[in-house]
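Numbered from 1 within each chain, the chains take letters A, B, ... in sequence-line order. Keep in mind that the numbers below use all heavy atoms, side chains included, and drop hydrogens, waters and symmetry copies. Note that the structure is predicted; figures quoted are calculated from it, not measured.
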Number of protein chains: 4
Amino acid sequence: MPKVGEEHLRARREEILGAAARCFARAGFHRTTIQDIAAESGLSPGLVYRYFADKEAMITAIAARWHESQAGLLRTGDAGTTEDLVPGYLGLLRSLAAPAERERVRLGVQIWAEALRAPEVEAVARAGVDAPREVVARLVRAAQDRGELPAGLPPDGLARVFIAIYQGLALQTAWDAGLDNDAYVRAVEGLVSLLTS
Amino acid sequence: MPKVGEEHLRARREEILGAAARCFARAGFHRTTIQDIAAESGLSPGLVYRYFADKEAMITAIAARWHESQAGLLRTGDAGTTEDLVPGYLGLLRSLAAPAERERVRLGVQIWAEALRAPEVEAVARAGVDAPREVVARLVRAAQDRGELPAGLPPDGLARVFIAIYQGLALQTAWDAGLDNDAYVRAVEGLVSLLTS
Amino acid sequence: MPKVGEEHLRARREEILGAAARCFARAGFHRTTIQDIAAESGLSPGLVYRYFADKEAMITAIAARWHESQAGLLRTGDAGTTEDLVPGYLGLLRSLAAPAERERVRLGVQIWAEALRAPEVEAVARAGVDAPREVVARLVRAAQDRGELPAGLPPDGLARVFIAIYQGLALQTAWDAGLDNDAYVRAVEGLVSLLTS
Amino acid sequence: MPKVGEEHLRARREEILGAAARCFARAGFHRTTIQDIAAESGLSPGLVYRYFADKEAMITAIAARWHESQAGLLRTGDAGTTEDLVPGYLGLLRSLAAPAERERVRLGVQIWAEALRAPEVEAVARAGVDAPREVVARLVRAAQDRGELPAGLPPDGLARVFIAIYQGLALQTAWDAGLDNDAYVRAVEGLVSLLTS
DNA sequence: AATGAATGAGAATTCATTCAT
DNA sequence: GATGAATGAATTCTCATTCAT
């Protein structure tokens, strides 16, 4: 009986998504064929379609997976006070330099572009930005109330700026893996310490 | 005699690129067909190939054109002192909210992703970032020498951060044309004034 | 002991054929997948192949089954004299209007078309027409001998005409379940009574 | 300039439809591939799609074409009085035996089956039956008024019976090109002369 | 016997590119 | 130069059939 457990199904799905992520990171969504993904995952093309309705669905799943893991990274630094937040954020920026993150970073940029055309991907991308933005904005407001941050700064705008600093670094890293991540992070650190002093 | 031909050639090329830019911004590089571009420009598909070797060449040309116009925007605020630079930079951020910029912004995001796969596009994109980065880094260094900026900050890193703040806003604007550009710019303004005070 | 196996085998086969008939009547031979038939019969796709060599074999079996049940209907009115035959024939025409016959009628039209390409189906279809044709022709000849039918009519041709009148009604009913079956049968009745008077 | 006249377009379309008709008559709609049609018409697969949106559209066009030519045949015998109609009808029946009609007849049967699944084909098939039915019914009514046909027969039913006699002969001819068309027609002739005497 | 996951050949369709006119 | 018809390779997706369990 090839009846297979729930977890096997899930594992298979992950296997395919992993292969797809590697292909997509390497060649982009549109230059990657289903055959490529099948070959990369060691499966047959037909089988891929038992797990995903079509290529579009795979792209959406990849985007969702990407933002989930992103959310996981964010939660690491998700304490509650600004002081705890800052080291987490800087760590997040530093992590972009890790060679293991190369695939993720490249994938992220492709997803950003894809979000402009695929509404499902857009929804996922937007949610992936909105959630942390709201968290950060709330923390900024709290810090302003405590007098730890200048009162004049719009919390939402500031949150967006910090997200942009992350996005821009990701983009620049995707283009040039050898960029000086440390100089970047130190510049950000300097800015933040000006803010909180 | 060859002058006219040259001019005409150039004009035609621009015409086609304009049509291509509209198509690409709308549907992305890979969902846009040569037939779409021909239709949008009012020419025949065959004629497009007299001006561009292939689709790849059109994408590269679009990317180059994009970074050229970007450079043009940057030059506006390219005075020499930090004080002149800041209003220009803030103006640049504000300009992203203009409806007329919508196409440019969307196109930019697509180019960022394309740069990951097409070396020619990557070269163009990298140059488009490196040039302003060096300009800004030089200005930062000068300002640090004059004591107008804290000495501890790595000029290159700081330049990258400002570029990231632009890129991230562009990305967020591409996704959501209705975002609060003003709040963003005020947050950046706050950061900058902390820096320069 | 083999009796039970035999019975079971036959029953299973019938079960599958019933499911296949429903699917085929609904969607045609070529738009119906083995998976559809498996789902409709509550079995697994693999199991279907223990009872039929391939899809072709199922279609042939369906055609055979159809003509068998058709033969059963014909036998009802298969007495021996023309007088007994006529009510049976008219009853057969009337039966086409029954909602329960809808599936059979639709299936029949599909089989007619399939017979043009599959020699096995053709053989079955031809036999299904030839047998009643010969019966009717024989009866016509007998009636002509008894002087109950005009002598000049070719018995075989007339038999074919009556078959055509059935086939055509079946076809028209398959297209439009709401057609006026009664008017049709009364017209046929009129024709027949002219013949036999 | 490969700009091509309207008539060339039309001719090309007819060319493709002709090739498709041959393929469809031979192998049925679903065993015929677009490649087959392209090969049969001496064109490339891609070109077929400049003339037809998809395979479905080709099938519908084939069905429409079939019924148009059918209507042409009918008009031949479309005089106005029953007396003129009868020879035309008998001629129509006889024409089914012509070898040149073999393709048409086989195609017709496939269309009948296809009409059960494709609404567009159904509409075409229904119109192809309804129009002559109404014509015949009107003529029957007129003949009844003139006392040339028995008054008791339902005109519409009788018209359907004559259509069925045609359809059934077509079907039987499709299966067996060698059937005795003459015997069939003489039987019909006998029936008709009983009716009108 | 039974399952249903897995296979992979095959079919429809698209579209970059060419080329006859 | 210009056209747009024509090409055909490439790609997505389906589904009959097999096979490990």
Side-chain angles (χ1 to χ4, degrees), chain A residues 1-5 8-9 12 16 30-39 41-58, chain B residues 5 8-9 12 29-39 42-59, chain C residues 5 8-9 12 29-39 42-59, chain D residues 1-5 8-9 12 16 30-39 41-58:
Chain A
M1 281 167 275
K3 190 166 239 171
V4 154
H8 181 259
L9 268 293
R12 212 12 110 65
I16 294 172
H30 301 288
R31 298 249 173 118
T32 297
T33 69
I34 296 291
Q35 302 272 354
D36 291 338
I37 295 170
S41 61
L43 304 173
S44 64
L47 191 55
V48 172
Y49 285 89
R50 279 184 77 82
Y51 292 89
F52 299 94
D54 52 20
K55 203 183 171 184
E56 204 69 358
M58 295 199 58
Chain B
H8 184 251
L9 209 73
R12 256 306 161 71
F29 294 125
H30 301 286
R31 298 245 173 122
T32 295
T33 71
I34 296 289
Q35 322 272 340
D36 291 337
I37 295 170
L43 303 174
S44 63
L47 193 53
V48 171
Y49 281 85
R50 288 207 151 263
Y51 296 89
F52 297 93
D54 52 22
K55 200 183 176 185
E56 207 60 40
M58 297 197 56
I59 294 175
Chain C
H8 183 252
L9 208 73
R12 257 303 162 71
F29 294 125
H30 300 287
R31 298 245 173 124
T32 296
T33 70
I34 296 288
Q35 322 271 340
D36 291 337
I37 296 171
L43 303 175
S44 63
L47 193 53
V48 171
Y49 281 84
R50 288 207 150 263
Y51 295 89
F52 297 93
D54 52 23
K55 198 183 177 186
E56 207 62 38
M58 297 196 58
I59 294 175
Chain D
M1 278 168 279
K3 189 168 238 168
V4 151
H8 182 258
L9 268 292
R12 211 14 109 65
I16 294 172
H30 301 287
R31 297 248 173 119
T32 297
T33 69
I34 296 289
Q35 301 273 354
D36 291 337
I37 296 171
S41 61
L43 304 173
S44 63
L47 190 55
V48 172
Y49 284 89
R50 279 185 76 82
Y51 293 88
F52 298 94
D54 51 21
K55 202 182 172 185
E56 204 70 357
M58 296 200 55

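Atom-to-atom, CE of M58(A) to P of dC13(F) comes out at 11 Å; the value is rounded to the nearest Å. Computed from coordinates, the Y49(D) OH to dG8(F) C1' distance equals 13 Å when rounded to whole Å. Atoms CZ (R50(B)) and P (dT17(E)) sit 16 Å apart, rounded to a whole Å. Rounded to an integer number of Å, the gap from H30(A) NE2 to dA16(E) C1' is 16 Å. For the pair L43(B) CG and dG4(F) P, the computed distance is 10 Å after rounding to whole Å.
The shortest distance between the side-chain N/O atoms of S44(C) and the OP1/OP2 oxygens of dG4(E) is not below 4.0 Å.
The side chain of L47(C) lies closest to dA2(E), out of dT18(E), dT3(F), dA2(E). Comparing dG8(E), dT17(E), dT7(E) by their closest approach to the side chain of Q35(B) singles out dT17(E). For D54(B), taking side-chain heavy atoms from C-beta onward, the closest of the listed nucleotides dA6(F), dT17(E), dA2(E) is dT17(E). For K55(A), the listed nucleotide lying nearest its side chain is dT12(F); candidates were dT17(E), dA2(E), dT12(F).
F52(C) comes within contact range of no nucleotide atom at all, as no heavy-atom separation falls under 4.0 Å. I34(A) comes within 4.0 angstrom of sugar-phosphate atoms only, judged by non-hydrogen atoms across all strands, and of no base. Residue contacts shown for R12(C) are limited to sugar-phosphate atoms, with no base heavy atom under 4.0 Å away.
Nearest-nucleotide positions on DNA chain E place T33(D) closer to the 5' end than the other of A53(B) and T33(D). Between G46(C) and R31(A), the one whose closest nucleotide on DNA chain F sits nearer the 5' end is R31(A). Take the nearest nucleotide of DNA chain F for P45(C) and for Y51(B): the residue whose nucleotide is more 5' is Y51(B).
The side-chain heavy atoms of L47(A) and S44(A), taken from C-beta on, include a pair separated by under 4.5 Å. Under the 4.5 Å side-chain criterion, counting only non-hydrogen atoms from C-beta, I34(A) is in contact with Y49(A). Taking 4.5 Å as the limit, some side-chain heavy atom of R31(D) sits within range of a side-chain heavy atom of H30(C).
One finds the OH atom of Y51(A) at 12.0 Å from the CE atom of M58(A) (value rounded to the nearest 0.5 Å).
Pairing partner, dA20(F): dT3(E), with both Watson-Crick or wobble hydrogen-bond distances short of 3.5 Å.
Closest heavy-atom contact between K55(B) and T32(B): NZ-O, 2.8 Å.
Counting distance only, with no hydrogens placed and no angle test, the side-chain atoms of E56(A) and the base atoms of dT12(F) include no donor-acceptor pair under 3.5 Å.
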